[in-house]
Amino acid sequence: MNSKTFHIKTYGCQMNVYDSEAIEGLLMENGLVPALSEKEADVILLNTCSVRDLAEQKVLGKAGILSKLKRSRPDLVLGICGCMAQNMKEELFKKIPALDLVCGPNDILSLPTLVQEALEGQKHLLQVENPRWVMSADVPKHRRSGVTAWISVMRGCNHNCTFCIVPRVRGREVSRLPEDVLKEVEELVTLGYKEVTLLGQNINSYGRDLEMRSSFPKLLGLLNRVKGLERIRFTTSHPVDIRDELMDAMHRLEKVCEALHFPIQAGSNRLLQEMKRGYTRESYLEKVERARAKVSGIAISTDAIVGFPGETEEDFEETCRVFREVQFDGAFIFKYSRRSRTPAGERVDQVSEEVKEERHQRLLSLHDEIVQGKNQDFVGRSVEVLVEGQDKKGKGRLSGRTRDNRMVFFDGPEEVIGNLVNVHISRISAYALYGEIE
Ligand code: SAH
Ligand code: F3S
């Protein structure tokens, strides 16, 4: 009998990318094989995100299209995993009657059984019970890159930013044991991987929940000793939880890259307070200064939200001012998205869509201009690049990243994929550097 095939479509953050790799690994271990295309798959799973409404709308739209496909192929199994599964649970079956299964992010170990039951004709299977995250090096992962890998080392968040749905959906912080993370990294290196990015919604509080209390700088120290591993990255750092020990570790440990993702969210102290971020613009700027003083060449990137409820033009200007002062090397800039059952979502002073859109464009262009200016400094210089693979768009062009996380495109032979090479930069854009291998 032919094996059943599956296809996973992933939405949202890198943690979902990692979870999808684990879901693929688990299904393959249970005899399913990846489909050549979505259209040919016997099982289609959407691994979803709830952080912004747009992500949810995309999933609902996609599920609508797949429901039509299922009308012509009634045996097709449709499933939703990830944050929307946890957030909306059985409500999803009402919204999408053709859906066969809903599985929360803490329940992925049950997926092979759920998928099997659905393939046997059971309907509306729901599994969202597990309150605790279950992830370990022993959960198989099906990874594609071969060079750089994501690893979730903790999950959940103990902060309560008033705009954010994560604490409700992903719960309190849960860390994996250091030795388990080490095992996964060592296995990756054996497979030829050169770089890992450690993931956590609030990674600087890694280890605080463990019985044998550990800390994130200690975990970095442990992984820095892995032979054959070239680079270590991590994300996301909350400004309140970032301490000098981390900056010292970044300075001391040669494999830890000089890049810090450090979300500011807003530049106005009033808004920061209303967001319950727990810091002021001054204390944020002071930490940026300290990071730059301790870790030479450090790149600082950020997340920012425009159009938080009650945001005035002056508040927005404060955000622009911080962008000018810090000169971020990268930024994810979001329009505030109203989430139900969050304090900010309940507020009546929501900012209109037009104003949000206009501020979004303004901040994006300010940021692009800044990055373009910073990238200009690289023209004529040589940078060390870890070659990740072929540029998806370019004919024969290769792509990789610098230690400070800048994308670099260049021509070169395929054999250098997975190696560190020096690239001489000849031109730039706001998004990348371009050059030739030296
Ligand atoms: N610390 C987490 C943040 C999770 S959400 C992590 O990166 O893992 C990622 C980003 O989405 C946040 O930093 C914030 O800028 C943005 N975000 C969260 N809730 C949002 C909302 N309701 N509207 C718009 N952006 C939001
Ligand atoms: Fe969300 Fe704030 Fe935590 S943005 S993930 S509640 S730090």
Side-chain angles (χ1 to χ4, degrees), residues 11-19 48-57 82-84 86-87 105 133 150-175 197-206 208-209 216 233-242 259-267 271-279 284 300-311 316 319 322-323 328 330-347 350-351 353 355-357 359-360 363-364 367:
Y11 298 80
C13 67
Q14 295 101 343
M15 290 195 167
N16 272 7
V17 175
Y18 180 75
D19 281 357
T48 62
C49 168
S50 287
V51 169
R52 282 168 292 278
D53 186 52
L54 188 66
E56 290 198 348
Q57 293 309 323
C83 287
M84 275 175 84
Q86 195 65 41
N87 192 24
W133 185 41
W150 308 107
I151 304 184
S152 293
V153 301
M154 65 175 303
R155 169 78 61 90
C157 182
N158 290 0
H159 288 279
N160 274 306
C161 303
T162 54
F163 52 79
C164 186
I165 200 172
V166 169
R168 190 173 86 232
V169 178
R170 295 265 162 144
R172 310 266 309 160
E173 291 163 1
V174 181
S175 306
T197 302
L198 310 175
L199 305 171
Q201 264 111 8
N202 186 23
I203 201 148
N204 300 119
S205 53
Y206 169 85
R208 269 191 235 162
D209 57 302
F216 189 59
R233 300 182 186 279
F234 59 91
T235 193
T236 293
S237 298
H238 190 291
V240 164
D241 297 306
I242 197 159
L260 189 63
H261 189 63
F262 199 39
I264 176 125
Q265 313 296 3
L271 285 197
L272 286 172
Q273 197 176 16
E274 287 178 12
M275 288 175 165
K276 284 220 170 98
R277 290 290 291 175
Y279 54 85
Y284 178 91
I300 295 187
S301 55
T302 202
D303 291 347
I305 297 178
V306 298
F308 181 80
E311 184 188 67
F316 172 68
T319 303
V322 172
F323 268 64
F328 291 111
F332 295 109
I333 301 170
F334 305 107
K335 285 189 280 180
Y336 169 71
S337 171
R338 194 172 187 177
R339 310 315 290 133
S340 61
R341 290 179 285 159
T342 59
E346 315 270 296
R347 284 175 57 163
Q350 300 288 324
V351 173
E353 198 46 45
V355 171
K356 276 193 228 172
E357 181 58 38
R359 289 180 186 163
H360 191 220
L363 191 55
L364 284 172
H367 172 64

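One-based numbering, in listed order, for ligands and for the atoms of each.
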Next on the checklist: For atom 17 (N) of ligand 1, tell me which residue out of R52, R170, H159, K335 has the closest non-hydrogen atom.
Outcome noted: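 Among R52, R170, H159, K335, the closest heavy atom to atom 17 (N) of ligand 1 comes from R52.
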
Checklist entry - Where does the angle between the aromatic ring planes of F323 and H367 fall among parallel (under 30°), tilted (30 to 60°) and perpendicular (over 60°)? => result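 Judged by the thresholds at 30° and 60°, the geometry between F323 and H367 is perpendicular.
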
Next on the checklist: Using ring pair (Phe, Tyr, Trp, His ring centres under 6.0 Å), reason through F262 and F328 one step at a time and then give a plain yes or no.
Outcome noted: CA-CA 10 Å; F262 199 39; F328 291 111; 8.6 Å; no

Nearest protein heavy atom to [atom], by residue and atom, and its distance?
atom	result
atom 18 (C) of ligand 1	V51 CG1, 3.4 Å
atom 13 (O) of ligand 1	D303 OD2, 2.6 Å
atom 4 (C) of ligand 1	V166 CG2, 4.1 Å

Numbered atoms of ligand 1 (with element) below 4.0 Å of [X], judged on heavy atoms:
X	value
T236	1 (N), 6 (C), 7 (O), 8 (O)
Q265	12 (C), 13 (O), 14 (C), 15 (O)
R339	22 (N)

Any side-chain heavy atom of [X] within less than 4.5 Å of one from [Y]?
X	Y	result
F216	R208	no
D53	R339	yes
Y336	Q350	yes

Examine [X] against ligand 1 and note whether any of their N/O atoms are separated by less than 3.5 Å.
X	answer
Q201	yes
S337	yes
P263	no

Checklist entry - Which is it for V51 and V166 under the side chain to side chain contact (heavy atoms under 4.5 Å, CB included) test, yes or no, and what are the steps along the way? => result CA-CA 7 Å; V51 169; V166 169; 3.9 Å; yes

Next on the checklist: Once ring pair (Phe, Tyr, Trp, His ring centres under 6.0 Å) is applied, do any residues pair with H261, and if so which ones, sequence neighbours excluded?
Outcome noted: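 H261: ring pair (Phe, Tyr, Trp, His ring centres under 6.0 Å) contacts with F332.
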
Checklist entry - R170 near ligand 2, heavy-atom distance under 4.0 Å? => result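 R170: no contact with ligand 2 (<4.0 Å).
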
Next on the checklist: If you count every heavy atom of other residues, nucleotides or ligands that lies below 6.0 Å from Q273 atom CD, does the total exceed 12?
Outcome noted: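 Open: at most 12 neighbouring heavy atoms sit under 6.0 Å from CD of Q273.
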
Checklist entry - At what distance, to the nearest 0.5 angstrom, does OG1 of T197 lie from CD1 of I203? => result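 Going from OG1 on T197 over to CD1 on I203, the span is 9.5 Å.
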
Next on the checklist: Show, in sequence, the C-alpha distance, side-chain angles and deciding distance for R359 and E311, and conclude whether the salt bridge (charged side-chain N to carboxylate O under 4.0 Å, His left out) test is met.
Outcome noted: CA-CA 11 Å; R359 289 180 186 163; E311 184 188 67; 2.9 Å; yes

Checklist entry - Given that the side chain starts at C-beta and the backbone is N, CA, C, O, which of these parts of F163 lies under 4.0 Å from ligand 1, counting heavy atoms, or is it both or neither? => result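 It is both parts that get close, each with some atom under 4.0 Å.
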
Checklist entry - Relative to ligand 1, is R338 under 4.0 angstrom through side chain, backbone, both or neither, heavy atoms considered? => result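 No part of R338 is near ligand 1 at this cut-off.
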
Next on the checklist: Any protein heavy-atom neighbour for atom 6 (C) of ligand 1 (distance below 4.0 angstrom)?
Outcome noted: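 Looking at atom 6 (C) of ligand 1, one finds that a protein heavy atom does lie closer than 4.0 Å.
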
Item to check | Side-chain H-bond candidate by donor/acceptor type, N202 with D241, under 3.5 Å | outcome: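 Side chains of N202 and D241: pair found under 3.5 Å.
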
Item to check | Shell of protein N/O/S atoms around atom 3 (Fe) of ligand 2, taken as anything under 2.8 Å | outcome: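 Near atom 3 (Fe) of ligand 2, the protein supplies C157 SG.
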
Item to check | Numbering as shown, the atoms of ligand 2 that approach R277 to under 4.0 Å (heavy-atom distance) | outcome: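 So the answer, numbered in order with elements, is 2 (Fe), 4 (S), 7 (S).
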
Item to check | Enumerated ligand 2 atoms positioned under 4.0 Å from heavy atoms of F163 | outcome: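 Counting atoms of ligand 2 from 1, those under 4.0 Å from F163 are 4 (S).
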
Checklist entry - Should the pair E274-R347 be classified as a salt bridge under the 4.0 Å nitrogen-to-oxygen rule? => result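 Answer for the salt bridge query: yes.
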
Item to check | Minimal non-hydrogen separation, T342 against C164, with atom names | outcome: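 Where T342 meets C164 most closely, the heavy atoms are CG2-O, 3.8 Å.
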
Checklist entry - Hey, mind stepping through R155 and D209 against salt bridge (charged side-chain N to carboxylate O under 4.0 Å, His left out) and telling me if it holds? => result CA-CA 11 Å; R155 169 78 61 90; D209 57 302; over 6 Å; no

